[in-house]
Amino acid sequence: MLPIQLFRQDRELILQGLAKKHFRETELVDVIIETDEKRRRLQLEHDNLAASVNAASKQIGMHMAKGEKDKAEELKAQVAQHKETIKDLVQQLSDAEQQLHDTLVKLPNLPHSSVPEGKTPEENVIVRSGGEIPTLTEQKLPHWDLMTQYRLMDLSLGNKIAGSGFPVFMGQGARLQRALIQYFLDFNTAAGYVEHCPPFMVNEETAYGTGQLPDKEGQMYHVTADGLYLIPTSEVPLTNIYRDVIVPEQEMPVKMTAYSPCFRREAGSYGKDVRGLNRVHQFDKVEIVQVTDPAGSYDTLEQMVSHVEKLVQSLGLPYRILRLCGGDMSFTSALTYDFEVFSAAQERWLEVSSVSNFETFQANRMKIRLRDAQGKTQIAHTLNGSSLALPRIVACLLENNQTPDGIKLPQVLHSYFGKDMIS
RNA sequence: GGAGAGAUGGCAGAGUGGUCGAACGCGGCGGUCUUGAAAACCGUUAACUGUAACAGGUUCGGGGGUUCGAAUCCCUCUCUCUCCGCCA
């Protein structure tokens, strides 16, 4: 949610930002400005009237105390009149507030100035790349075949138990999941992120706080009996820890990491892109989240990108980092870097991490604030990124490192996995 | 699941219809004293909204109601605690 002050200050800036994001309903901006003015007008009228009623009520109290009943009754009659008007104003005011809010949440975040122009994923800009794409023999297999060959995962079993898109990992496959999760968490905590283990279900308010509601409702699993949602990412519970919190300046930045399974309905996805582990309904991910001072949030973003880059490098996977163009960014983000790793058997790039700065967009909604040395509060910035999502990392590890003798694992995983190869 | 108690400022905790946005204490901040510190003493210290700055408005778990006036009375929801039951 964009701060309302921005609409009062710089309408042009908002329109430019929305254009870059290819957002069409630009007329909403003027609706917001008008509604805000209306709201403030009503508020002023209401406050003035309320002030006179408050003053009169105090006088009534004083008259009663002195036993001046007549004067008290006189004032009562006066107040009764105002009360009718106030009742009406309150209704109008709350309508205006509701309308303002409902319109405000429809607008996406504004892109940072460094966001490239563009509408489609093809227009994303490659910032840099690293690692080497391996040359595989003709006998190379895609990960879903390797999974079967080494009995690492069974999708049809998951189908039986839950439904399509719910993989069952077993044996060395299950062990690899655990090894990766533990390695990722250790890597993150070593960089100062505090490990958390949050709930995997959240209430409506929480889902709303990070922006999953109202616009992505259909993408989450909903436990209707209890009004809970299964988390699509641990960003949701982690960031919401700081909902309605005023963080003292010296405690900034807040750095958190968590492992969680992620549940996504992926309504509307189908076709070849979803084979194997490319797109599933439940997957494992380790997330990093930061809450920061607005002044340094873009430095923080670069640090997070570099952190994730080192992690990907340590796994020896060929990767590239993209700066997303305006049209490909998420609703809530101001600047996003995507990490992709090259899947050598499928011969395509797969997204494994997305690192974003949301600026005040989430924090404004959640009222995450910081208090500076002068005691003033201001809205904080929130950032997050995957570090990392497992399925596509696993797909690449298997495909890129396949040999006739088995699948070689990167050095960093040996101690976590208990051996150096899947065989 | 059953029975009971409770939710007040950073913390602790008074306050049962009228200058209560809220006592006292602790903590925090500023000062006096001191070479410095401690102690003692004095002062100050909620959030949101709003204003150029005042003013004003809202907030005592959330929502609704009674009343000229609600932290205080009524309804309702949520949460916490204690006891019982069940249980990984």
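Each chain gets a letter, A, B and so on, in the order the sequences are listed, and its residues count up from 1. Quick note: numbers below take in every heavy atom, side chains included, and nothing from hydrogens, waters or symmetry partners.
- Here the two rings, on A:H307 and A:Y193, have centers that are under 6.0 Å apart.
- Between B:U59 and B:A22, the distance separating the two C1' atoms is 12 Å to the nearest Å.
- Annotation: cation-pi pair A:R264/A:F283 absent, no NZ/CZ under 6.0 Å from the ring centroid and within 45° of its normal.
- Side-chain nitrogen and oxygen atoms of A:R40 include none within less than 4.0 Å of the OP1 or OP2 phosphate oxygen of B:G57.
- Atom CD1 of A:I379 is separated from atom P of B:C48 by 9 Å (rounded to the nearest Å).
- Screening residues 289-315 of chain A for salt bridge (Lys or Arg N to Asp or Glu O under 4.0 Å), with sequence neighbours left out, gives A:R128-A:E309.
- A side-chain donor-acceptor contact under 3.5 Å links A:D88 and A:Q92.
- A:S234 and A:E287 are not linked by any side-chain donor-acceptor pair at a separation below 3.5 angstrom, with hydrogens and angles left out of the test.
- Comparing B:G69 with B:U76, their C1' atoms sit 23 Å apart, to the nearest whole Å.
- Here A:R369 reaches the OP1 or OP2 of B:C48: one of its side-chain N or O atoms lies under 4.0 Å away.
- Of the P atoms belonging to B:G57 and B:U8, the separation is 26 Å, rounded to the nearest Å.
- Within the 4.0 Å cut-off from OP1 or OP2 of B:U19, not a single side-chain nitrogen or oxygen of A:N54 is found.
- At whole-Å resolution of the value, CG in A:L42 and C1' in B:G50 are 15 Å apart.
- Nucleic acid contact for A:L75: none, since no nucleic acid atom lies under 4.0 Å from a heavy atom of the residue.
- Checking A:A50 against A:G61, the closest nucleotide of RNA chain B that is more toward the 5' end is the one next to A:G61.
- If you check distances only, the side chain of A:D47 never reaches the base of B:G57 with a donor-acceptor pair under 3.5 Å.
- Between the side chains of A:K285 and A:T233, at least one donor-acceptor pair of N or O atoms lies under 3.5 Å.
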How would RNA chain B look in dot-bracket form, 5' to 3', counting Watson-Crick and G-U wobble pairs with both distances under 3.5 Å and writing | for bases paired to another strand? ((((((((.[[...)..(......]]((((((.......))))))((((......)))).[[[[[..)....]]]]])))))))....
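- At whole-Å resolution of the value, CD in A:E73 and P in B:U67 are 14 Å apart.
- OP1 and OP2 of B:G18 both lie 4.0 Å or more from every side-chain N or O belonging to A:S57.
- Atom NZ of A:K58 is separated from atom C1' of B:U67 by 17 Å (rounded to the nearest Å).
- One side chain, A:Y298 or A:E359, offers a donor N or O that lies under 3.5 Å from an acceptor on the other.
- For B:U66 and B:C74, the C1' atoms lie 7 Å apart once the distance is rounded to whole Å.
- Remark: A:E204 CD is loosely packed, at most 12 non-hydrogen atoms of other residues, nucleotides or ligands lying under 6.0 Å away.
- When heavy atoms are screened at a 4.0 angstrom cut-off, A:R8 is found touching the sugar-phosphate backbone but no base atom.
- Whole-Å rounding puts the A:Q43 CD to B:U59 P distance at 12 Å.
- The side chain of A:I246 sits closest to B:A47 out of B:C68, B:A47, B:G56.
- Between the CG atom of A:N48 and the P atom of B:G50 there is a distance of 15 Å, rounded to whole Å.
- Under the 3.5 Å distance criterion, with hydrogens and angles disregarded, a donor-acceptor pair is assigned to the side chains of A:S156 and A:D154.
- At whole-Å resolution of the value, NZ in A:K87 and C1' in B:U67 are 13 Å apart.
- One atom, CG of A:N364, and another, P of B:U49, lie 10 Å apart when rounded to the nearest Å.
- Across B:G18, B:C48, B:U67, the shortest atom-to-atom separation from the side chain of A:K83 is found for B:U67.
- Comparing B:C48 with B:U35, their P atoms are spaced 42 Å from each other, to the whole Å.
- Nucleic acid contact for A:A56: none, since no nucleic acid atom lies under 4.0 Å from a heavy atom of the residue.
- Taking the P atoms as reference points, B:A39 lies 8 Å from B:G27, given to the whole Å.
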